[in-house]
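In what follows, residues are counted from 1 in the order of the sequence shown.
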Amino acid sequence: MKHINIIGIGTGNPEHVTIQAINAMNAAEVIFLPLKGAGKEELAEVRREICERYVTRPDIRISEFEVPQRQTADRSYTQSVDAWHGEIATIYGELISGLPDGGTGAFLVWGDPSLYDSTIRIIERVRQANSIDFDYSVVPGITSIQALAASHKIPLNLVGKPVEITTGRRLARDGLQGDSTVVMLDGEQVFAKIDDPDAEIFWGAYLGTKDEIVRSGRLSDIAADILVLRAEARQRHGWIMDIYLLRKGHDFEE
Ligand SMILES: C[S@@+](CC[C@H](N)C(=O)[O-])C[C@H]1O[C@@H](n2cnc3c(N)ncnc32)[C@H](O)[C@@H]1O
């Protein structure tokens with residue numbers, strides 16, 4: 001039976017790659033590298049660098065493939081994501097079909113495959129479609145949340161309190177609820193619209209890369225500075241990935 005390794009590679013620093021990930025890469029005949037279009041070349045470059053640095057098996061083939069853009073016109077968010085996953089599943093199916101019988105392929109996933117990433121979901125969709133016989137394994141990776149906490153030298157939770165992980169879209173809809181809220185995928189800088197005198201922000205962009213930027217402080221004091229910094233960085237690089245923790249309260253406070 002064919003086998004797929006879904007491998008978390010961390011968030012931009014090749015040293016995030018674990019020994020388990022390196023072994024899973026070298027167990028593959030083919031490593032599939034996604035290309036996510038103009039402006040995201042640096043992300044493809046990180047994946048290539050990881051392959052150059054850690055692939056030791058001489059006969060491994062690196063197969064790059066284009067990831068289609070999600071179409072949003074005339075569709076709800078869920079409809080557009082579902083249709084997009086369907087398109088990617090077709091591509092994955094072709095890639096997996098091309099593996100030799102009994103062969104192994106590897107997909108390198110940014111951060112960890114369990115966190116705001118649909119590789120597992122889409123691979124499962126290909127399997128459910130039943131036309132190709134394969135199984136798969138998942139190798140965990142360092143997430144952008146861990147990279148954020150490490151760079152700020154903070155624990156994520158307050159003592160005995162929960163942590164919520166959400167998106168910019170949800171934060172805009174629901175407002176700031178919990179003690180510790182991690183916000184990802186925020187293209188609208190929703191933090192700048194939160195009016196809460198008690199909130200602190202721990203923000204980071206390009207975490208793990210040589211261009212990493214981090215800022216922290218009372219949200220109302222530094223939100224405007226982060227907006228400017230973010231806009232300048234985005235302009236300079238042509239892309240940005242950022243994440244933040246919003247925190248209210250203190251350890252040992254009921
Ligand atoms: C599609 S999600 C993928 C998350 C990834 N699977 C993980 O484990 O971190 C992309 C979001 O992750 C966050 N992110 C990923 N890498 C990052 C980085 N190097 N620096 C800052 N944020 C990052 C950003 O919020 C970005 O919008």
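- For the pair D135 (side chain) and H3 (backbone), a donor-acceptor distance under 3.5 Å is absent.
- Checked by atom type and distance alone, the side chain of E64 never pairs as donor or acceptor with a backbone atom of I62 at under 3.5 Å.
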Output side-chain donor-acceptor pairs under 3.5 Å for residues 82-89, partner residues at least two apart or in another chain, one line each.
unit_1 : atom_1 : unit_2 : atom_2 : d
D82    : OD1    : R125   : NH1    : 3.0
W84    : NE1    : P68    : O      : 2.8
H85    : NE2    : S118   : OG     : 3.3

### Task
List the steps and the verdict of side chain to side chain donor-acceptor pair (under 3.5 Å) for S180 and R247.
CA-CA 5 Å; S180 296; R247 190 163 79 183; 5.6 Å; no
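- The structure places CG of D195 at 11.0 Å from CG of L176, a figure rounded to the nearest 0.5 Å.
- Looking at E232, its side chain never comes within 3.5 Å of a backbone N or O of L229 through a donor-acceptor pair.
- The shortest distance between side-chain heavy atoms of V182 and I243 falls below 4.5 Å.
- Within 6.0 Å of atom CZ in R61, 12 or fewer heavy atoms from other residues, nucleotides or ligands are found, so the atom counts as exposed in its surroundings.
- A side-chain donor from one of S151 and E212 sits under 3.5 Å from a side-chain acceptor of the other.
- Remark: side-chain polar atoms of Q146 are paired, donor with acceptor, to backbone N or O of T143 under 3.5 angstrom.
- In this structure a side-chain-to-backbone donor-acceptor pair under 3.5 Å is missing from K2 to D133.
- Rounding to the nearest 0.5 angstrom, the gap separating the CE atom in M1 from the CD1 atom in I132 is 12.5 Å.
- Around CD of Q128, the count of heavy atoms belonging to other residues, nucleotides or ligands within 6.0 Å exceeds 12.
- Put simply, the side chain of N5 never gets that close to the backbone of I31: no donor and acceptor are under 3.5 Å apart.
- Note that CG of L246 is 12.0 Å distant from CG of D179, once rounded to the nearest 0.5 Å.
- In terms of modelled atom types and a separation under 3.5 Å, the side chain of N157 and the main chain of V163 share no donor-acceptor contact.
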### Query
Hey, mind stepping through I91 and F65 against side chain to side chain contact (heavy atoms under 4.5 Å, CB included) and telling me if it holds?
CA-CA 8 Å; I91 296 170; F65 65 98; 3.8 Å; yes
### Query
Is there a salt bridge (Lys or Arg N to Asp or Glu O under 4.0 Å) between R230 and D242 once you walk through the steps?
CA-CA 9 Å; R230 189 186 185 283; D242 63 335; 2.8 Å; yes
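- Proximity of a side-chain donor or acceptor of E29 to a complementary backbone N or O of T104 within less than 3.5 Å is detected.
- Under the 3.5 Å distance criterion, with hydrogens and angles disregarded, a donor-acceptor pair is assigned to the side chains of D186 and Y244.
- With respect to the salt-bridge test (charged N to carboxylate O, under 4.0 angstrom), the residues E15 and R53 qualify.
- Of the inter-residue distances, the one linking I142 atom CD1 with I9 atom CD1 reads 11.5 Å to the nearest 0.5 angstrom.
- Checked by atom type and distance alone, the side chain of K248 never pairs as donor or acceptor with a backbone atom of Q177 at under 3.5 Å.
- Smallest separation of non-hydrogen atoms from M184 and S144: CE-OG, 3.4 Å.
- By the 6.0 Å contact criterion, CG on N23 is enclosed, its count of non-hydrogen atoms from other residues, nucleotides or ligands being greater than 12.
- Distance check, rounded to the nearest 0.5 Å: CG of D74 to OG of S80 gives 11.5 Å.
- Using a cut-off of 4.0 Å between Lys/Arg side-chain N and Asp/Glu carboxylate O, R48 and E45 are scored as salt-bridged.
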### Message
Before you tell me yes or no, could you show the steps for I165 and L115 under side chain to side chain contact (heavy atoms under 4.5 Å, CB included), namely the whole-Å CA-CA distance, both residues' side-chain angles and the distance that decides it to 0.1 Å?
### Response
CA-CA 9 Å; I165 302 170; L115 185 67; 4.2 Å; yes
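- Outside the 6.0 Å centre-distance limit, the rings of F107 and Y136 are not counted as a close aromatic pair.
- Rounding to the nearest 0.5 Å places OH of Y92 at 10.0 Å from CD1 of I4.
- Ring centroids of W110 and Y116 are separated by 6.0 Å or more, keeping the two rings apart.
- Here E188 pairs with nothing under the salt bridge (charged side-chain N to carboxylate O under 4.0 Å, His left out) rule; sequence neighbours left out.
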